[in-house]
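Here the structure is laid out as structure tokens; the discussion comes afterwards.
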Amino acid sequence: MSEREAMEFDVVIVGGGPAGLAAAIRMRQVAPEATVCLIEKGSEIGAHIVSGAVIEPRALDELLPDWREHNAPITTPVTQEEMYFLTEKKGYRIPALERVMPHIANHGNYIVSLGEVCRWLAAQAEEMGVEIYPGFAGAELLIERNRVVGVATGDMGIGRDGEKGPNYQPGMELRAKYTLFAEGCRGSLSKQLMEHYNLRKGVDPQTYGLGIKEVWEIPAENHRPGLVVHSFGWPLDDRTYGGAWLYHFGENLVSYGFVTGLDYENTWLSPFEEMQRTKLHPIFRPHFEGGRRLIYGARALSEGGLQSIPRLTFPGGALIGDTAGFLNTPKIKGTHTAMKSGMLAAEAVAEALTTERVEPASYTDRVRNSWVFEELHSARNVRPAFARWGSKLGALYSGFDAMVLRGKAPWTLHFKHADNETLRPAELCKPIDYPKADGKVTFDRLSSVFLSNTNHEEDQPVHLKVRNMALWKTVNWDVFRAPESRYCPAGVYEAADVETEARLIINSQNCVHCKTCDIKDPTQNIDWVTPEGAGGPNYPAGM
């Protein structure tokens, strides 16, 4: 007999981001009698949310048409946008942006703190009767007779040695007729689901980006509410996808960040350092003068688009949001598509509840017949073009695809490799000389992690599982010279005793839950699993 208590619901949703919250709200709208429970591993809703964010309100308009009358924290409309191609010293502005790159035009969109938007959505959901439990991580799939029947939250009070401590509390079984997984990019349970049900059969490998973000407060005289700036080119080489964003919003706030495509080849590359040195470029540095950094965070995002979306349903549930990969990468947006996917899944589940079907299979057709599919289909060739031809030719193709073909090319480009397969050996890569942090505009990792308010109970099992430490030595160190020490934006991984017998140190306390190690490790030797509930970053208002 299990010592865990169990609670029964019609629907359990794992993850309190835009997709999960939209699904919860829509569920109560279309099936008012259904019992709905949502769990979130962060200490509160929004605690683990990292995004730019410029949002397109299309899905929100459909979900809650009167959101403007209910004090939604969506108050900074985009008023001006600029796109630059950077060289080391100069920035060349892309003219007539709406014609050259219509997929990234932001007329009618808003600059927001996505964490605050999620907190507001959670309040709307609770008013509708959704039970929300922050601080509870979905740690285990419950599968019976090959059907998902819910999830179990993690045990509390397990010591680092794996033994039960004096404050031990077993996890809770949250059982449901249907379970929706909205864990965000590279969810630990979703990863298990894809393997168990072979959901990725017949689709392209997913490709990812690592987004690293800072929020700054700047002098009022320098603040330009509604300004949106994007860049590509320098400091990344032509084979590496990525670029910077900078948004002015709220009360003298600036959101700055950098995305690095995790299919990069140079093992010496550090996404964190690329993000820092971009701030020194003449296009960006003036925005930070006289300001102070408030918040830091990082998160991987699914960039593969339509070709990389797995099978969406399985017996007992479905994948929604960035868990499935609904981000529109060339548009640099995913909130609206994530929310719409959650809404469509809720409608499919409501139908399945009435017919007692094992699988909410109509979700797939609902997606295919929605504007989400139309949008992702028209954008499907842009990110693969960058992967195939590099940044300059990829950008040229993107303009051709958008202006001439209008997303209706009679071909579909594909991803040939997973991100962990693209690193080149250290001896074949050119080391990168990054500038030292100045403590004013650029900073080091540890001072950055401090601003994320990251914390984990110290005496708990390490949640970053290295399957074979000997493999780390012979591959990660001997061939690639410890790439995890550079791609991790939080200083979790350190190579020690490199002059004698190199070994790996894991500072799991620093982990900001970005999932990059789970994605980029060359042999997939690192598994990211959920730590105790409420562990990790605690991003405040503004993130």
Side-chain angles (χ1 to χ4, degrees), residues 46-47 49-57 60 67-84 86 90-91 93-94 97 104-120 211-231 243-259 275-298 332-333 335 437-444 447-453 537-543:
I49 293 293
V50 182
S51 183
V54 171
I55 68 167
E56 185 175 306
L60 185 59
W67 60 267
R68 292 170 179 81
E69 286 77 57
H70 286 79
N71 298 315
I74 305 173
T75 57
T76 306
V78 175
T79 57
Q80 181 182 352
E81 51 188 320
E82 302 168 0
M83 168 68 82
Y84 292 93
L86 301 185
K90 294 184 178 181
R93 187 169 176 178
I94 307 299
L97 189 62
I104 69 167
N106 283 294
H107 178 74
N109 297 333
Y110 294 83
I111 307 171
V112 302
S113 160
L114 192 58
E116 286 301 284
V117 172
C118 287
R119 291 178 177 97
W120 179 83
I212 306 177
K213 176 181 175 180
E214 296 175 346
V215 177
W216 285 65
E217 182 181 44
I218 65 171
E221 59 270 22
N222 297 337
H223 195 239
R224 297 162 61 187
L227 174 65
V228 166
V229 180
H230 289 111
S231 77
W245 81 78
L246 186 142
Y247 309 147
H248 286 236
F249 74 109
E251 295 294 326
N252 303 326
L253 296 178
V254 167
S255 165
Y256 165 78
F258 197 93
V259 175
M275 180 259 203
Q276 292 297 324
R277 69 170 171 168
T278 301
K279 285 186 286 183
L280 300 175
H281 193 278
I283 291 296
F284 288 100
R285 181 162 192 154
H287 293 273
F288 304 107
E289 298 292 348
R292 66 187 183 104
R293 197 173 61 143
L294 302 178
I295 317 173
Y296 170 85
I332 323 177
K333 289 175 189 62
T335 301
D438 61 20
K440 296 178 181 178
V441 175
T442 59
F443 302 89
D444 60 23
S447 66
S448 299
V449 174
F450 178 79
L451 293 180
S452 70
N453 299 313
N538 282 281
Y539 299 128
M543 191 54 144

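In what follows, residues are counted from 1 in the order of the sequence shown.
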_If you compare all heavy atoms of Tyr296 against all heavy atoms of Glu214, which two are closest, and at what distance to 0.1 Å?_
CD1-CG, 4.1 Å

*Of all heavy-atom pairs between Asn538 and Asn453, which one has the smallest distance, and what is that distance?*
O-ND2, 3.1 Å

*Under 3.5 Å: donor-acceptor pair, side chain of His230, backbone of Ala244*: no

*asked:* Restricting to non-hydrogen atoms, name the atom on Arg285 and the atom on Leu280 that form the minimum distance, rounded to 0.1 Å.
replied: NH1-CD2, 3.4 Å

*Can you find a heavy atom in the side chain of Leu86 that is under 4.5 Å from one in the side chain of Phe284?*
yes

_4.5 Å side-chain heavy-atom contact, Met543 and Val215_ = yes

*Minimum heavy-atom distance between Tyr84 and Gly91, given as atom pair plus value*: CD2-C, 3.9 Å

*Does His223 reach the main-chain N or O of Phe249 with its side chain, forming a donor-acceptor pair under 3.5 Å?*
yes

*Are any non-hydrogen side-chain atoms of Leu227 and Glu82 less than 4.5 angstrom apart?*
yes

*asked:* A side-chain contact here means heavy atoms from C-beta on lying under 4.5 Å apart; do Ile74 and Trp67 qualify?
replied: yes

*Spacing of CE belonging to Met275 relative to OG1 belonging to Thr442, to within rounding of 0.5 Å*: 10.5 Å

*Hey, does the side chain of Thr76 reach the backbone of Gly250 with a donor-acceptor pair shorter than 3.5 angstrom?*
yes

*Which heavy atom in Val254 sits nearest to a heavy atom in Ile218, and how many Å separate them?*
CG2-CD1, 3.6 Å

*asked:* Less than 4.5 Å apart, side chain to side chain, heavy atoms only: is that true for Leu294 and Leu253?
replied: yes

*asked:* Nearest 0.5 angstrom please: Asn222 CG to His248 NE2, how far?
replied: 8.0 Å

*Say you draw a straight line from NE2 of His281 to NZ of Lys90; how long is it, rounded to the nearest 0.5 Å?*
10.5 Å

_Quick check for you: to the nearest 0.5 Å, what is the distance between Tyr539 atom OH and Leu451 atom CG?_
11.0 Å

*asked:* Assess, by modelled atom type and distance only, whether the side chains of Arg293 and Ser448 contain a donor and an acceptor separated by less than 3.5 Å.
replied: yes

*Which atom pair, heavy atoms only, marks the closest approach of Ser255 to Ala53?*
OG-N, 4.4 Å

*Taking the six-membered ring for Trp, are His287 and Tyr247 ring centroids under 6.0 Å apart?*
no

*Take atom CD of Glu251 as the centre, draw a 6.0 Å sphere, and report whether it contains more than 12 heavy atoms from other residues, nucleotides or ligands.*
no

*Any sub-3.5 Å donor-acceptor pair from Gln276's side-chain atoms to Phe443's backbone N or O?*
yes

*Could you go through the side-chain contact (heavy atoms from CB on, under 4.5 Å) check for Glu81 and Val54 one step at a time?*
CA-CA 11 Å; Glu81 51 188 320; Val54 171; over 6 Å; no

*asked:* What's the separation between atom CG in Asn106 and atom NZ in Lys333, rounded to the nearest 0.5 Å?
replied: 3.5 Å

*Going through the distances and angles, do Arg224 and Thr79 end up as a side-chain contact (heavy atoms from CB on, under 4.5 Å)?*
CA-CA 9 Å; Arg224 297 162 61 187; Thr79 57; over 6 Å; no

_Check for me whether the distance between the ring centres of Trp216 and Phe288 falls short of 6.0 Å._
yes

*Evaluate side-chain contact (heavy atoms from CB on, under 4.5 Å) for Trp120 paired with His70, printing each intermediate quantity in order.*
CA-CA 9 Å; Trp120 179 83; His70 286 79; 3.9 Å; yes

